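Read through the structure below, which is laid out as structure tokens, and then see the notes.
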Amino acid sequence: MSTVSAYAATSATEPLTKTTIKRRDPGPRDVAIDIKFAGICHSDIHTVKAEWGVPNYPVVPGHEIAGVVTAVGSEVTKYKVGEHVGVGCMVNSCRECSSCQAGLEQYCKKGPIFTYNSIDRDGTPTYGGYSQAVVVDEDFVVRIPDSLPLDKAAPLLCAGITLYSPLRHWKAGPGTRLAIIGLGGLGHVGVKLGKALGAEVTVLSQSLKKMEDGLRLGATGYYATSDPATFKKLRSSFDLILNTVSANLDLGKYLNLLDVDGTLVELGIPEHPMPVPAFGLALARRSLSGSNIGGIAEAQEMLNFCAEHGVTPEIEVIAPDYINEAYERVLASDVRYRFVIDISAI
Ligand code: NAP
Ligand code: ZN
Ligand code: ZN
């Protein structure tokens with residue numbers, strides 16, 4: 001066992017504070033990783049604030065992990081000391097169910113073991129990336145291509161795969177009229193990925209204040225959802241809408257923006273349920289779906305795609321003692337577009 005520094009939440013209302021946690025010695029199939037950067041995902045905030053149920057405090061959040069391999073177990077074949085690697089939202093799954101067999105570990109029938117706030121196979125709580133080091137089974141580690149800097153690669157481990165997976169599943173490409181709701185951490189990566197895949201991307205943001213950025217990132221349309229005219233003008237305009245908003249929306253208004261047979265995919269996971277008007281679905285054979293991160297092989301494919309197409313998130317690198325202020329700024333939609341913690345300063 002080793003002892004490493006970390007930032008943890010001890011309750012829903014207290015700020016995160018510096019502490020220490022234990023990491024296991026690498027077993028035969030484990031990779032030990034020196035964490036260099038960890039992104040701040042809105043899911044970290046939902047979790048520590050107990051918006052998804054009361055978590056198992058202390059919570060060390062962080063599932064956008066980029067680092068360097070420092071040791072490998074005797075049976076590890078995929079990674080070597082010194083290589084750049086990433087860890088996303090999962091550190092294990094049952095590996096036997098039909099989802100796991102299909103490379104959809106995120107939909108493991110027994111529930112994947114998440115990177116934090118889960119119970120690991122050895123019965124200990126999992127702790128995430130706001131920490132100096134982590135030890136993970138090699139099958140849940142991905143390689144970060146050399147052309148991606150580690151700080152910009154970190155957010156791809158959650159925000160990147162969460163957008164890439166539905167874009168691929170719903171076959172976004174040339175001719176797809178795609179809308180992204182919310183230009184935050186997830187949304188801005190979605191604009192870049194959508195463009196790289198050849199789709200025609202429109203951003204639906206609360207206001208026009210980030211419009212210049214949205215167009216620079218690759219959107220060709222940008223509309224304020226605070227303006228009722230937006231919903232009249234864009235009625236029946238899209239094949240695919242990805243909702244990345246962390247709060248409740250009036251889903252009926254957005255369903256009406258889909259053309260016949262269009263699909264609205266829920267990526268944001270707000271605290272409270274949202275009513276769904278049946279008319280919005282029935283009158284144009286529309287679908288409402290959801291999507292959760294992506295599988296491990298797909299995460300590797302996404303990283304390779306980002307390296308090949310030059311897709312990197314826009315980040316603000318922060319020191320660990322700025323985490324609590326960063327949380328406040330995420331909640332105020334005041335981030336362009338992902339906070340990434342410089343773990344070397346912990
Ligand atoms: P984020 O950076 O805070 O972005 C969310 C965006 O939603 C904001 O930038 C804002 O965009 C918009 N928004 C916020 N509050 C709003 C409100 N009251 N009304 C309308 N729009 C609002 O968060 P994130 O890290 O991208 O995560 C977004 C959501 O996805 C969270 O719920 C998170 O837990 C979830 N998530 C899901 C998965 C998955 O696998 N499904 C993975 C990661 C995260 P504008 O300023 O442009 O309006
Ligand atoms: Zn996340
Ligand atoms: Zn499984």
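Ligands are counted one by one from 1 in listed order, and the atoms in each one are counted from 1 as well. Everything numeric here is computed off the predicted structure, so don't read it as measured data.
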Exercise. Can you figure out which of Lys209, Glu266, Gln206 has its heavy atom closest to atom 13 (N) of ligand 1?
Key: Gln206
[atom] - nearest protein heavy atom and its distance:
| atom | result |
| --- | --- |
| atom 31 (C) of ligand 1 | His46 NE2, 3.4 Å |
| atom 30 (O) of ligand 1 | Gly268 CA, 3.3 Å |
| atom 8 (C) of ligand 1 | Ser333 OG, 3.6 Å |
| atom 39 (C) of ligand 1 | Thr162 CG2, 3.4 Å |
| atom 33 (C) of ligand 1 | Ser43 OG, 3.4 Å |
| atom 27 (O) of ligand 1 | His42 CB, 3.4 Å |
| atom 7 (O) of ligand 1 | Val245 CA, 3.6 Å |
| atom 4 (O) of ligand 1 | Gly184 CA, 3.4 Å |

Quiz item: Within less than 2.8 Å of the Zn ion (ligand 2), any N, O or S from His63?
Solution: yes
Quiz item: Strictly under 2.8 Å, is any N, O or S atom of Cys89 next to the Zn ion (ligand 2)?
Solution: no
Self-check item: Exercise: do Gln300 and Asn304 side chains pair donor with acceptor under 3.5 Å
Solution: yes
Quiz item: Are side-chain N/O atoms of Asn243 and Glu266 paired as donor and acceptor at under 3.5 Å?
Solution: yes
To the nearest 0.5 Å, how far apart are [atom1] in [X] and [atom2] in [Y]?
| X | Y | atom1 | atom2 | result |
| --- | --- | --- | --- | --- |
| Ile341 | Ser131 | CD1 | OG | 9.5 Å |
| Asn324 | Arg329 | CG | CZ | 13.5 Å |
| Ile113 | Arg121 | CD1 | CZ | 6.0 Å |
| Tyr322 | Glu328 | OH | CD | 10.5 Å |
| Thr126 | Asn92 | OG1 | CG | 10.5 Å |
| Phe37 | Leu157 | CZ | CG | 13.5 Å |

Quiz item: Backbone N or O of Leu178 within a donor-acceptor pair of the Thr176 side chain at under 3.5 Å?
Solution: no
Nearest heavy-atom pair of [X] and [Y]: which atoms, and what distance?
| X | Y | answer |
| --- | --- | --- |
| Met90 | Pro112 | SD-CB, 3.7 Å |
| Gln101 | Glu96 | CG-O, 3.5 Å |
| Thr230 | Ala224 | OG1-O, 2.6 Å |

Measure [X] to ligand 1 on non-hydrogen atoms and call it side chain, backbone, both or neither using the 4.0 Å cut-off.
| X | answer |
| --- | --- |
| Thr244 | backbone |
| Ser291 | backbone |
| Trp52 | side chain |
| Ala247 | side chain |

Would you say [X] has any N or O atom under 3.5 Å from an N or O of ligand 1, going by distance alone?
| X | value |
| --- | --- |
| Ser205 | yes |
| Leu267 | yes |
| Leu183 | yes |
| Pro270 | no |
| Cys41 | no |
| Val335 | no |

Quiz prompt | Carboxylate-amine/guanidinium proximity below 4.0 Å for Arg95 and Asp137 | solution = yes
Quiz item: Between Glu314 and Arg216, is there a side-chain N and carboxylate O pair less than 4.0 Å apart?
Solution: yes
Quiz prompt | Sole residue of Val135, Val68, Val87, Thr70 in side-chain contact (heavy atoms from CB on, under 4.5 Å) with Ile33 | solution = Val87
Residue [X] vicinity, atoms of ligand 1 by number, heavy atom under 4.0 Å:
| X | answer |
| --- | --- |
| Ile293 | 39 (C), 40 (O) |
| Gly182 | 11 (O), 47 (O) |
| Cys158 | 42 (C), 43 (C) |

Check whether any heavy atom of [X] sits under 4.0 Å from an atom of ligand 1.
| X | answer |
| --- | --- |
| Arg338 | yes |
| Phe339 | no |
| Leu249 | yes |

Practice problem: Would you indicate whether the side-chain heavy atoms of Leu148 and Thr312 approach each other to under 4.5 Å? | Solution: yes
Quiz item: Is the Phe114 to His63 ring centre distance short of 6.0 Å?
Solution: no
Exercise. Just the protein N/O/S atoms under 2.8 Å from the Zn ion (ligand 3), please, no waters.
Key: Cys94 SG, Cys97 SG, Cys100 SG, Cys108 SG
Quiz item: Around atom CG of Asp146, are there more than 12 heavy atoms of other residues, nucleotides or ligands at under 6.0 Å?
Solution: no
Exercise. Find out whether the Lys NZ or Arg CZ of Lys253 is both under 6.0 angstrom from the six-membered ring centre of Phe231 and within 45° of the ring's axis.
Key: yes
